[in-house]
J.: 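Provided herewith is a single structure, encoded as structure tokens, for subsequent inquiry.
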Amino acid sequence: MNKLGTTAGLEHYQMLVDGVWRDSSEKATFDSINPATSQPWARVPVASEQDIGDAVQAARRAFETGPWAASSPLQRATLLRKLGDLISDNAGELARIQVLENGRLIREVSGRARALANHAYFFAGVAESPTGETLASSVPNMQVFTVREPIGVVAAITPWNSPLTLLLWKLCPALAAGNTVVVKPSEITPVSTLVLAGLFSEAGFPDGVVNVVTGAGSVGATLAAHPGVDKIAFTGSTAVGKKIARTAADRLARVSLELGGKSPNIVFPDADLTSAVNGVVGGIFTATGQTCMAGSRVLVHTDIYDEFCDALIARTERVKIGDPMDPDTEMGTMACRAQYDRVLHYIEVAKEDGARLATGGDRPEAPEFVGGLYIRPTVFTDVDNHMRIAREEVFGPVAVAIRFSDEDDAVAIANDTRFGLAAGVWTNDLAKAHRMVRRLRAGTVWVNNYRRTNHVAPFGGFKESGIGRENGFHAIEEYTEVKTVWIDTGNQITDPFSRP
Ligand code: NAD
């Protein structure tokens, strides 16, 4: 059992190592805090070096010996389908825990449960899909082909904003391909991962195939540096992603990195402006702005700048902030105190740099918000792309509206960033839309919509937004090595050193 029980209102959870639920070998624990009340609600172990080593060893054993090492694609597909069913059956509990951990809206995370199950079903299909190629041979009687093989032990290190989605983006392709994994969830959101790990066990994944160690960033650093880890799949900040890349470089471990963003959402005068306002509001304020793909830079053509900003501000002021468990709430809390402080700090920086605070910029005052990490949805206008508020990832409910004069100017401003995760374009001019798609340096471009992702479409970043792609058939490439095979079917091998 991942959950030991509840004492004095605190739910107690254990880690999963080699199929066994256990406490830290050093008995250390930490608490998960509910950001809507600032009260602890769950207690979780802090993995020791010993626990991390045990988890990696268990994953290595499961990779090299036993039922998983001998598993067929059909067997892995069957397990993934069973997992998808269990995710659907347990959607309510998974949603409840995510809300308690990070303040995401109950209506948002409940809706995503179906998407999580679809992920498992899709990669069940991928497990059985053809993956090698038959190649042309330069000599007769020679068969040349490739096979894709699992990399080995994968460390999956995840952030707090979408703990289950971003974890399944890694686990489903990794397991479909036959790898084993050690997961290190964010210290803000460890419990949802532990409960999900229980579903892997219940589905019948053999012991050691999925392990979870919990704790702060230092646990992630120890795991990433472990010589028994063959690949690190990381989602998180660009700063930590760079550290992980350096660690991996020492032993040339494989890495995929899904990192931060400062994505432009670009509105042209010929767009359907009602849709564009809705898309811009959803693009930045969904999940209280705590998403990597947040459309945090709103680029608006000068001819409609004032009119569009007025409509954006008016809609922003109607966003219903409140208890994340209330299905009517449109925007919940920041996930943790550090993030709350960081966002309020950036709001001050923006004001000092001369951006005009058009709405929001502080916490709501009503009594029901006391104790919760609430910040009002915020819009800055008259923002210059060189200001810090336009260059650095805030990861909160803060939109900055930047003026542009024409298509070239929009492209120049949009691409003037070290990030390249996503971009949005709002226009009814088909040719312009295509031109913009090709000119924007970002891993995903949405035209007349924003924030769409699914299990089929690859997702990842250009530039400092990351390396590699998750989702779709591209994901399987991140978890496999290509082996090339040459088979001679009838040539006589002559002495290579004899003269004719
Ligand atoms: P973070 O980088 O602080 O932490 C991410 C994970 O790494 C956590 O589990 C943390 O404990 C661990 N960690 C911290 N230091 C480490 C170290 N030195 N070595 C190994 N692991 C370490 O990120 P966060 O604050 O949890 O999440 C927010 C960030 O994640 C934002 O920058 C956001 O843009 C990014 N993000 C990216 C995507 C994407 O798909 N591109 C999706 C969601 C979030």
Side-chain angles (χ1 to χ4, degrees), residues 111 115 118 122 258 261-287 289 291-316 379 381 383-385 390 399-463 465-466 468-475:
N118 282 342
F122 175 78
E258 297 290 348
K262 194 76 197 175
S263 299
N265 209 351
I266 307 165
V267 187
F268 285 97
D270 56 49
D272 172 338
L273 293 186
T274 305
S275 288
V277 169
N278 288 330
V280 165
V281 166
I284 179 64
F285 298 129
T286 300
T291 64
C292 53
M293 64 186 85
S296 49
R297 288 187 299 149
V298 184
L299 274 50
V300 187
H301 191 276
T302 191
D303 289 353
I304 54 161
Y305 187 84
D306 293 337
E307 176 199 353
F308 186 86
C309 287
D310 286 349
L312 172 62
I313 293 160
R315 178 64 190 95
T316 300
V379 178
T381 55
V383 173
D384 182 287
N385 198 48
V400 300
I402 301 172
R403 204 182 277 271
F404 70 86
S405 55
D406 58 20
E407 215 174 297
D408 287 345
D409 194 30
V411 170
I413 296 169
N415 289 341
D416 179 16
T417 168
R418 67 192 176 104
F419 297 110
L421 192 60
V425 179
W426 299 85
T427 177
N428 279 325
D429 178 336
L430 183 65
K432 187 194 287 170
H434 277 278
R435 286 195 300 272
M436 291 298 291
V437 163
R438 297 307 296 262
R439 297 178 74 189
L440 290 168
R441 303 285 299 157
T444 297
V445 180
W446 293 287
V447 178
N448 296 332
N449 70 103
Y450 200 87
R451 287 186 62 81
R452 294 267 171 214
T453 59
N454 73 7
H455 48 280
V456 178
F459 185 81
F462 284 23
K463 302 195 270 182
S465 288
R469 293 294 176 270
E470 300 197 296
N471 301 340
F473 285 98
H474 288 264

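Worth saying up front: this structure is predicted, and the values here are computed from it rather than measured. Residues: numbered from 1 along the sequence shown.
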J.: How long is the span from the CD1 atom in I304 to the CG atom in D310, to the nearest 0.5 Å?
T.: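 Going from the CD1 atom of I304 to the CG atom of D310 covers 11.5 Å.
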
J.: With under 30° as parallel and over 60° as perpendicular, where do the rings of F122 and H455 fit, or are they tilted in between?
T.: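 The arrangement is tilted - the two ring planes meet at 30° to 60°.
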
J.: Which heavy atom of T302 sits nearest to which heavy atom of S405, and what is that distance?
T.: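 Closest pair (atom of T302, atom of S405, distance): CG2-CA, 4.3 Å.
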
J.: At their closest point, which heavy atom of L421 faces which heavy atom of C292, and how far apart are they?
T.: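 What the structure gives for the nearest pair is CD2-O, 3.3 Å.
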
J.: Looking at every heavy atom in both A422 and Y450, which two are closest together, and how far apart are they?
T.: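 Shortest heavy-atom contact: CB-OH, 4.4 Å.
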
J.: Please evaluate residues D409 and R403 with respect to the criterion salt bridge (Lys or Arg N to Asp or Glu O under 4.0 Å), reporting the C-alpha separation (whole Å), side-chain torsions for both, the decisive distance (0.1 Å), and the verdict.
T.: CA-CA 9 Å; D409 194 30; R403 204 182 277 271; over 6 Å; no

J.: Take R438 and V445 through the side-chain contact (heavy atoms from CB on, under 4.5 Å) test and state the conclusion after the steps.
T.: CA-CA 9 Å; R438 297 307 296 262; V445 180; over 6 Å; no

J.: F419 and side chain to side chain contact (heavy atoms under 4.5 Å, CB included): which single residue from R297, K463, R441, K262 fits?
T.: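 Filter result, single survivor: K262.
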
J.: Using modelled atom types only, decide if a donor and an acceptor are shared between the side chain of Y305 and the backbone of T381 within a distance under 3.5 Å.
T.: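 No; zero donor-acceptor contacts below 3.5 Å.
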
J.: Please give me the minimum heavy-atom distance between V267 and A271, naming the atom from each residue.
T.: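 Reported closest heavy-atom pair: CG1-CB, 4.5 Å.
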
J.: Assess the residue pair N454 and N471 against the criterion (side-chain contact (heavy atoms from CB on, under 4.5 Å)); give the C-alpha distance rounded to whole Å, side-chain angles, the decisive distance to 0.1 Å, and a yes or no.
T.: CA-CA 7 Å; N454 73 7; N471 301 340; over 6 Å; no

J.: How long is the gap from NZ on K432 to CG on D270, to the nearest 0.5 Å?
T.: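 Going from NZ on K432 over to CG on D270, the span is 4.0 Å.
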
J.: Does atom CZ of R315 have more than 12 heavy-atom neighbours, drawn from other residues, nucleotides or ligands, at distances under 6.0 Å?
T.: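 Correct, the count exceeds 12.
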
J.: Could you walk me through whether W446 and N265 pass the side chain to side chain donor-acceptor pair (under 3.5 Å) test, one step at a time?
T.: CA-CA 9 Å; W446 293 287; N265 209 351; over 6 Å; no

J.: Looking only at atom types and distance, does a side-chain atom of N448 sit under 3.5 Å from a main-chain N or O of S275, one as donor and one as acceptor?
T.: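 Judged by distance alone, no pair lies under 3.5 Å.
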
J.: Which heavy atom in G420 sits nearest to a heavy atom in S465, and how many Å separate them?
T.: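 Where G420 meets S465 most closely, the heavy atoms are N-OG, 2.9 Å.
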
J.: Please report the closest heavy-atom contact between A414 and L440, naming both atoms and the distance.
T.: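 Heavy-atom minimum between the residues: CB-CD2, 3.5 Å.
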
J.: Which residue in the set L299, I402, V400 passes side chain to side chain contact (heavy atoms under 4.5 Å, CB included) when paired with N385?
T.: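 In the set L299, I402, V400, the residue that makes a side chain to side chain contact (heavy atoms under 4.5 Å, CB included) with N385 is I402.
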
J.: Does F459 form a side-chain contact (heavy atoms from CB on, under 4.5 Å) with E258? I'd like the steps, not just the answer.
T.: CA-CA 9 Å; F459 185 81; E258 297 290 348; 4.2 Å; yes

J.: Test V425 against F268 for side-chain contact (heavy atoms from CB on, under 4.5 Å), laying out the working first.
T.: CA-CA 8 Å; V425 179; F268 285 97; 4.0 Å; yes

J.: Sequence neighbours left out, what passes salt bridge (Lys or Arg N to Asp or Glu O under 4.0 Å) with D416? Give chain and number order.
T.: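 Testing D416 for salt bridge (Lys or Arg N to Asp or Glu O under 4.0 Å), a comparison that skips the adjacent residues, returns R391.
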
